[in-house]
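Working notes, structure below.
Convention: sequence-line order gives letters A, B, ...; per-chain numbering from 1.
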Amino acid sequence: METIFDRYLNGESIFRNREVLRASHTPERLLHRDHEINQLAAVLSTALRGETPSNMFIYGQTGTGKTAVAKYIGREIDKINRRDSGLKQKVTHIYINCKIVNTTYGVLANIGNSFIKNWGKDLIPFTGWPTEKVYDQLKQRIDQENGVAIIFLDEVDQLFYNSGDDVLYYLSTMNTDLSEAKVSIIGISNDLRFTELLNPKVRSRLGEERITFKPYKASQLFDILADRAENSLRPGSWDSGVINLCAALAAEENGDARKAIDLLRIAAEITNREGDEKIEEDHVRMATVQIEKDVVAEVISDLPLQQKLVLLAITLEDLSSGEKLITGEVYRTYNYLARRLNMNVLTQRSISGMVSELDMLGIITAKLISKGRYGRTKEIEMAVDPDLVKTVLRTDQFLNELIDTIKGKDIDGWKQMSLI
DNA sequence: TGTCCACTGGAAGGGAGGGCTT
DNA sequence: AAGCCCTCCCTTCCAGTGGACA
């Protein structure tokens, strides 16, 4: 019996192992990061001798291999733990992505829970306890383990911007509070500005050592991509031409390896879908367009409803008038839309904050300007294709209906009637 | 030269919703 | 059940401001 899937199941895939072409995959060997790995290993090796390694700060732009190196080091630590059971002290490593876990409580609880012996019973709840108690528990657990704990805090700037330097203070003072165990903090970030804002004590404690990851050069990206391609794609389905192109395009983007790998994977997916045997340069070009769209679509669909509504207001205004948009105008349109949907109408202060956030996300540009006698405001413009934005917004059922029924003259009428 | 607009952006705090403890 | 705690999302309050206009 034939099914609609047969064509895809029976068709030859050009992938041997698609996972290898995911940016999150940590390969067996990391190319062109020997120097950084050695630096890190030199510092952390003190842990293997049972001494406290320095705290460290790893800095580098997106896609320079910071996270990959951290995970790679973690794996090496596991290896040596297994091999040398006679190590003076056990070394544990904990990896936390502070973009996801970005509260003081969350980070402490996460670290505490990684030392858990009895799931379900000893679990620190994700909320409910006083933070002090979580910290005490954490200390006890680490002390019981009586080893060296290496804590990787990835995107640590996010933690700081969200919750201040409390956690970093707690963690950096922990060694003085511990009787048996030792802790070393490794902060990872692509943003150095926040270190200036840290409490000087915390800054000096955390920044005992600093490693900077330089962006990859095009030739290095080529090696990395070729290595991944060999392990993930069928022989003959790619050649050095497309790898070169992916590497060159990513090198333009500050040597971002993540971008390069995504580019190759999506180009391969497109090739597959089109039923072609070999990745061509055209597939790569199509992939660049696809990636751009995907990024925008993902950002927008993750927004809370209220913020989507603000974005819709901007899109509608941007399409209807040739003039520059300002905050007050957006607020009035938003106000109309929110009422149409029977939603809570938020204050202008909240909307102003959301506009700034949309700017930071890169969906719009909001420039602070002064109109002299007529006040200060933000001048707002779409930074991405408004039609794409609309299409993504339509995936939300409420907004889809709203977009279908909305008429420009309704909004204008509303604005004139109500003096908001 | 001073005024004043239409906001901005920081700070503090409320309260809902999750959960723990006694 | 009452009393805590934490986070998240907002609101309220308010000082601050660049520059057109009188």
Side-chain angles (χ1 to χ4, degrees), chain A residues 96-113 116 118-141 155 158-171 193-194 196-199 302-311 313-314 317 321 323-335 337-339 341-361 364-381 396 398 415-416 418-420:
Chain A
I96 294 181
N97 185 331
C98 301
K99 200 172 179 178
I100 299 163
V101 183
N102 59 8
T103 60
T104 306
Y105 187 101
V107 168
L108 295 178
N110 253 275
I111 300 172
N113 281 335
I116 206 156
N118 186 351
W119 276 92
K121 196 165 154 248
D122 303 333
L123 201 66
I124 299 174
F126 72 89
T127 176
W129 285 9
T131 308
E132 280 295 325
K133 184 174 170 183
V134 180
Y135 181 60
D136 283 343
Q137 267 291 316
L138 170 59
K139 274 189 303 191
Q140 270 182 38
R141 290 180 188 197
E155 308 201 51
Q158 299 290 323
L159 179 60
F160 172 74
Y161 289 127
N162 196 58
S163 326
D165 51 15
D166 281 1
V167 210
L168 299 173
Y169 182 80
Y170 273 128
L171 293 176
R193 282 169 304 165
F194 87 97
E196 305 293 319
L197 306 170
L198 284 174
N199 171 333
D302 281 350
L303 294 175
L305 188 54
Q306 290 281 12
Q307 207 159 354
K308 281 183 182 164
L309 216 51
V310 175
L311 182 57
I314 296 171
E317 288 285 340
S321 68
E323 287 171 40
K324 290 275 168 75
L325 247 186
I326 59 167
T327 309
E329 207 65 15
V330 171
Y331 184 64
R332 282 183 276 278
T333 308
Y334 155 81
N335 199 301
L337 298 175
R339 281 167 201 265
L341 282 178
N342 274 329
M343 282 174 58
N344 255 351
V345 181
L346 304 184
T347 57
Q348 179 149 355
R349 175 70 187 85
S350 294
I351 302 312
S352 163
M354 288 184 186
V355 167
S356 302
E357 213 164 296
L358 289 172
D359 177 33
M360 277 192 350
L361 290 169
I364 62 172
T365 52
K367 204 168 82 194
L368 185 60
I369 55 149
S370 170
K371 291 153 76 88
R373 183 76 173 70
Y374 304 103
R376 295 178 95 204
T377 183
K378 276 181 184 144
E379 220 171 54
I380 300 163
E381 266 181 298
D396 188 304
F398 290 111
K415 280 192 204 162
Q416 277 167 16
S418 59
L419 296 164
I420 2 161

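The interatomic distance linking A:E357 (CD) with B:dG10 (C1') rounds to 16 Å, in whole Å. A:N102 places its CG atom 16 Å from the P atom of C:dC6, with the value rounded to the nearest Å. Atom CD of A:Q348 and atom C1' of C:dC13 are 15 Å apart (whole Å). The distance between atom OH of A:Y105 and atom P of C:dT7, rounded to the nearest whole Å, is 8 Å. Spacing between atom CD1 of A:I351 and atom P of B:dG9 amounts to 15 Å, rounded to whole angstrom units. A straight line from CG of A:N162 to C1' of C:dC8 spans 10 Å, rounded to a whole angstrom. One interatomic measurement links the two molecules: CG of A:L325 to P of B:dA6, which rounds to 17 Å at whole-angstrom precision. Rounded to whole Å, the distance from OH on A:Y135 to C1' on C:dC6 is 19 Å.
Atom CZ of A:F194 sits in a crowded spot, with more than 12 heavy atoms from other residues, nucleotides or ligands closer than 6.0 Å.
Exactly one of A:E329, A:Q306, A:E317 qualifies for a side-chain hydrogen bond (donor to acceptor under 3.5 Å, both in side chains) with A:Y334. That residue is A:Q306.
When the side-chain nitrogen and oxygen atoms of A:W129 are compared with OP1 and OP2 of B:dT21, one or more of them lie within a distance under 4.0 Å. Put simply, A:K133 has a side-chain N or O that comes within less than 4.0 Å of OP1 or OP2 on B:dT21. Look at A:T347 and you won't find any side-chain N or O under 4.0 angstrom from OP1 or OP2 of C:dC10. For A:K371 and C:dC21, the shortest distance from a side-chain N or O to OP1 or OP2 is not below 4.0 Å. In this structure, A:T103 reaches the C:dT7 phosphate: one of its side-chain N or O atoms is under 4.0 Å from OP1 or OP2. Within the structure, every side-chain polar atom (N or O) of A:S370 is placed at least 4.0 Å from both OP1 and OP2 of C:dT17. Residue A:T327 places no side-chain N or O under 4.0 Å from the OP1 or OP2 atom of B:dC7.
Among the nucleotides C:dC21, C:dT11, C:dC5, the one closest to any side-chain atom of A:Y374 is C:dC21. Closest approach to the A:R376 side chain among C:dG18, C:dC10, B:dG19 is made by C:dG18 (side chain taken as heavy atoms from C-beta onward). Proximity note for A:R349 (side chain, C-beta onward) versus C:dA20, C:dC10, B:dG9: the nearest is B:dG9. Of the listed nucleotides (B:dC7, B:dG18, C:dC21), B:dG18 has the atom at the smallest distance from the side chain of A:F126. For A:R373, whose side chain is taken as the heavy atoms from C-beta onward, the closest listed nucleotide among B:dC7, B:dC4, C:dC6 is B:dC4. For A:L346, the listed nucleotide lying nearest its side chain is C:dC10; candidates were B:dC7, C:dC10, B:dG19. Counting only heavy atoms from C-beta on, A:P130 has its side chain closest to C:dC5 among B:dT8, C:dC5, C:dT11.
Residue A:I326 is classed as a sugar-phosphate contact, given heavy-atom separations below 4.0 Å to backbone atoms only. Note on A:S352: only backbone sugar-phosphate atoms sit closer than 4.0 angstrom, heavy atoms only; bases stay farther off.
Judged purely by atom type and a 3.5 angstrom limit, A:N344 has no side-chain atom pairing as donor or acceptor with the backbone of A:L346. Judged by distance alone, the side chain of A:S163 and the main-chain N or O of A:N102 form a donor-acceptor pair under 3.5 Å.
The pair A:D136-A:K139 meets the salt-bridge criterion, since a charged nitrogen lies less than 4.0 angstrom from a carboxylate oxygen.
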Before you tell me yes or no, could you show the steps for A:E132 and A:Y170 under side chain to side chain donor-acceptor pair (under 3.5 Å), namely the whole-Å CA-CA distance, both residues' side-chain angles and the distance that decides it to 0.1 Å? CA-CA 10 Å; A:E132 280 295 325; A:Y170 273 128; 3.0 Å; yes

